[in-house]
Amino acid sequence: MNTKNMTDMTVGSPTKHILQFAWPLLLGNLFQQFYNMVDSIVVGKFVGADALAAVGTCGSTSFLFFSLSAGLAMGIGVIVSQYYGARDEERVKAAIGNAFYVLVCAAIVVSILGTVLAPSVLRLLQTPENIMPDAVTYLRTTCIGIIAIAVYNGIASILRALGDSKTPLVFLIIASIINVVLDLVFVLVFHWDVFGVAFATVLSQFICAIAGLIYAYIKIPYFHLTKEQLKPERYIIINSFKLGVPVAFQNSMIAISCMVLQGVVNGFGETVMATYTITGRIDQIVQQPYGSISMALTTYAGQNIGSNKIDRVKQGYRQSMLMIFLFNLVMIPIIYFGGAYIVNAFVDDPAVIKMGADALKITSICYLGLGMIYVPRAVLNGCGDTGFSMITGA
């Protein structure tokens, strides 16, 4: 079998594997956050603060709806990485064949629920009435894109499980560029405002998902499936949910806590809401290296557990903790002392800039502890113990 686009992490330097695997993930996550930031910048600069608040209030709710597909994709990735580490090609193909049943069916259900429940959820968050129409429009439009997100997440998770983190990066870059262009066109030319920003995001996600599926079929032999491998297999489906649902639940708990906080923030008016939206975007960017190293370590641990190389899993754990520590030595001073300049890139409102700078000083001192959480969670997920990871991470 052609393994040109795959990486066997069961041999070689753990640090080298994790770093080489993590940097495309980091760039991909940054591009993903970049077009989220562009949404905020375009809305804040060209539509207004109320529209920015409407987009911001949907952030944690959107994350809640996206959590199930993201969690299931990770569970599928763990299964594939373990089979790949064990050199069981037939089981890898069977896992890929069943992945699409799991992801697409779950995404359809969540997409329908998100569209129907959007107004009710936003009212629970005490969303101000003057921004409610824009918030409902944004949330319902993005919920349509959940199916595309599920398909892309599944393909990306499988490719990463096989040791290929560079290809998902390429598709994210393409999607980000398309999203930026469409943001500007839909808002500045068509004047679709909040709907235009949401629709640009959805359309770019669909393009990314289709491109990823075509690439995987052409380039990755594991995606050449027979009818037998496409048959639903109870063990794989159950195991996908067994591994994926705890991760989804963990993400959902985080999302719900963010929604509760968003509800509190909404009670303080548009200035505080805009500040919360901006600082949230910045904190998400800072956390990307944590997530990238975590995803790399999950694949690394999965392959080595599949190959029964426990000592290599321990090595990867220790070296990943060191990487997180060194990153924080650099990043914390930048955010603590430069917060005002960063917030100013989003808005020109002095009140929002002052409040945002103060908020970033507080959150930056917590970065080290937050980063250290990601590493043991990644090892647990890669080893298939997502249940305990859920308990410690929720």
Side-chain angles (χ1 to χ4, degrees), residues 32-33 35-36 39-40 43 51-76 100-129 131-154 156-157 175 179 186 192-209 240-241 244-263 265-266 273 277 280-281 284 394:
Q32 196 166 24
Q33 293 304 317
Y35 70 64
N36 287 336
D39 285 351
S40 298
V43 172
L52 177 60
V55 172
T57 200
C58 296
S60 55
T61 309
S62 298
F63 180 61
L64 174 63
F65 292 142
F66 297 160
S67 293
L68 181 58
S69 66
L72 291 175
M74 177 176 283
I76 290 163
F100 292 98
Y101 299 124
V102 172
L103 290 170
V104 172
C105 291
I108 290 173
V109 172
V110 174
S111 181
I112 293 172
L113 288 175
T115 302
V116 172
L117 297 177
S120 300
V121 172
L122 290 170
R123 287 192 182 90
L124 284 175
L125 294 176
Q126 302 180 45
T127 303
E129 285 301 321
I131 66 171
M132 178 65 80
D134 279 342
V136 171
T137 296
Y138 187 87
L139 186 56
R140 280 181 165 167
T141 304
T142 52
C143 280
I144 296 173
I146 290 177
I147 296 174
I149 292 172
V151 173
Y152 172 76
N153 281 343
S157 184
N179 192 93
F186 291 161
W192 287 350
D193 297 341
V194 169
F195 169 74
V197 172
F199 184 59
T201 301
V202 169
L203 189 55
S204 65
Q205 289 166 345
F206 269 103
I207 293 171
C208 192
S240 295
F241 279 100
V245 168
V247 177
F249 182 76
Q250 172 189 308
N251 291 337
S252 297
M253 291 299 99
I254 295 172
I256 290 171
S257 66
C258 290
M259 289 170 64
V260 172
L261 180 58
Q262 182 73 63
V265 168
N266 289 352
M273 292 172 67
T277 299
R281 300 290 197 210
Q284 285 173 0

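Along the sequence shown, residues are numbered consecutively beginning with 1.
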Using atom types as modelled, flag every donor-acceptor pair under 3.5 Å from a side chain in residues 111-119 to any protein atom, sequence neighbours excluded.
residue: S111; atom: OG; partner: C143; partner atom: O; Å: 2.9
residue: T115; atom: OG1; partner: S111; partner atom: O; Å: 2.9

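Side-chain atoms of L103 and N153, non-hydrogen and from C-beta on, never get closer than 4.5 Å to each other. By the 4.5 Å heavy-atom criterion applied to side chains, L122 and V136 are counted as neighbours.
Here CE of M273 is found 6.0 Å from OG1 of T127. Values are rounded to the nearest 0.5 Å. Between I144 atom CD1 and Q205 atom CD the span is 11.0 Å, to the nearest 0.5 Å.
With sequence neighbours left out, the ring-ring contact (aromatic ring centres under 6.0 Å, His included) criterion links F199 to F186, F195. A search for side-chain contact (heavy atoms from CB on, under 4.5 Å) contacts involving I147 returns A107, I108, not counting sequence neighbours. With sequence neighbours excluded, the residues forming a side-chain contact (heavy atoms from CB on, under 4.5 Å) with A209 are A148, V151, Y152, listed by chain and number. Applying the side-chain contact (heavy atoms from CB on, under 4.5 Å) rule to S240 yields the partners I76, I79, V102, I236; only residues at least two apart in sequence or on another chain are considered.
In this structure, V194 and V55 approach most closely via the heavy-atom pair CG1-CG2, 4.4 Å. Considering all non-hydrogen atoms of both residues, C58 and A135 come closest at SG-O, 3.2 Å. Heavy atoms only, all atoms of each residue included: F241 and P246 are closest at O-CD, 3.7 Å.
S204 places no side-chain N or O within donor-acceptor distance of the main-chain N or O of N179, the cut-off being under 3.5 Å.
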